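FYI, side chains are in, hydrogens and waters are out, and symmetry mates aren't considered; it's all heavy atoms of this structure. Being a predicted model, the structure only gives us computed values, none of them experimental.
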Amino acid sequence: VQLQASGGGLVQAGGSLRLSCAASGRTFSSYDMGWFRQAPGKEREFVAAITWSGESTSYADSVKGRFTISRDNAKNTVYLQLNSLKPEDTAVYYCAATSKSYSHRVGAYDYWGQGTQVTVSS
């Protein structure tokens, strides 16, 4: 599976963005998907995840209530809606796919996209 993340940009605090992650391959619908982020000088951290069916999701406490993960298996795409953005949300955002159940652990994912930069100004 090849993943291509897009949708990042520069936004003011309180604003919104929608990230997309397009996947190649006909088996996309069999993968649980996750979004992670990495700020300069920090480790990559879990943001959100969704099961292959879209029926179950999980969020980091820091984004719960502000971010929403969703997917469209017909379009081989997973989304991350970012609302009420804060300067501390500034990071490179990565999408990832796992053939196992989704996890908060970086090491649980088999495939990674190239990342898209989100910058939130105060």
Examine L3 and Y109 and state if one hydrophobic cluster contains both, with Ile, Leu, Val, Met, Phe, Trp and Tyr joined whenever side-chain heavy atoms are less than 4.5 Å apart.
-> no
Write down the atom of M33, the atom of C21, and the distance for their closest heavy-atom approach.
-> CE-SG, 4.4 Å
Heavy atoms, side chains only, cut-off 4.5 Å: are K75 and N73 in contact?
-> no
Can you tell me how far the OG1 atom of T57 sits from the CZ atom of R71, to the nearest 0.5 Å?
-> 12.0 Å
Would you kindly confirm whether L80 and L17 end up in one hydrophobic cluster when ILVMFWY residues are joined by side chain heavy atoms under 4.5 Å apart?
-> yes
Verify the ring-centre separation between F46 and Y59: is it less than 6.0 angstrom?
-> no
With a 3.5 Å cut-off and no angle check, do the side chains of Y102 and S56 form a donor-acceptor pair?
-> yes
Hey, quick one: are F28 and Y94 part of the same hydrophobic cluster, counting side-chain heavy atoms closer than 4.5 Å, chains of contacts allowed?
-> no
Going by the side-chain contact (heavy atoms from CB on, under 4.5 Å) test, name the single residue among V118, V63, T116 that passes it with R37.
-> V63
Linked, directly or transitively: I69 and Y79 (ILVMFWY side chains, under 4.5 Å) | no
Electrostatic pair D61:K64 at N-O distance under 4.0 angstrom | yes
Answer yes or no: is there a donor N or O on one side and an acceptor on the other, between the side chain of S24 and the main chain of V1, under 3.5 Å?
-> no
Do E45 side-chain atoms and F36 backbone N/O form a donor-acceptor pair below 3.5 Å?
-> no
Give a yes or no on whether the backbone of V120 and the side-chain of T90 come within a donor-acceptor separation of less than 3.5 Å.
-> yes
Around atom CD of Q2, are there more than 12 heavy atoms of other residues, nucleotides or ligands at under 6.0 Å?
-> no
Does the side chain of W112 come within less than 4.5 Å of V106's, by heavy atoms?
-> yes
Donor-acceptor pair between S16 and N83 side chains, under 3.5 angstrom = yes
Should F67 and V92 be counted in the same cluster of Ile, Leu, Val, Met, Phe, Trp and Tyr side chains packed under 4.5 Å apart?
-> no
Looking at side-chain heavy atoms only, is the closest gap between R66 and D89 below 4.5 Å?
-> yes
How far apart are the C-alpha atoms of I50 and W35, what are their side-chain angles, what is the distance that settles it, and do they pass the side-chain contact (heavy atoms from CB on, under 4.5 Å) test?
-> CA-CA 9 Å; I50 189 167; W35 283 96; over 6 Å; no
Less than 4.5 Å apart, any side-chain heavy atom of Q81 and any of L19?
-> no
Atom OG of S122 and atom CG of L85: how far apart are they, to the nearest 0.5 Å?
-> 13.0 Å
Between T27 and S30, which heavy-atom pair has the shortest distance, and what is it?
-> O-OG, 2.6 Å
H104 and S58: CA distance, side-chain angles, deciding distance, side-chain contact (heavy atoms from CB on, under 4.5 Å) verdict = CA-CA 9 Å; H104 292 200; S58 179; 2.9 Å; yes
Are a donor atom and an acceptor atom from the side chains of D110 and S99 found within less than 3.5 Å of each other?
-> yes
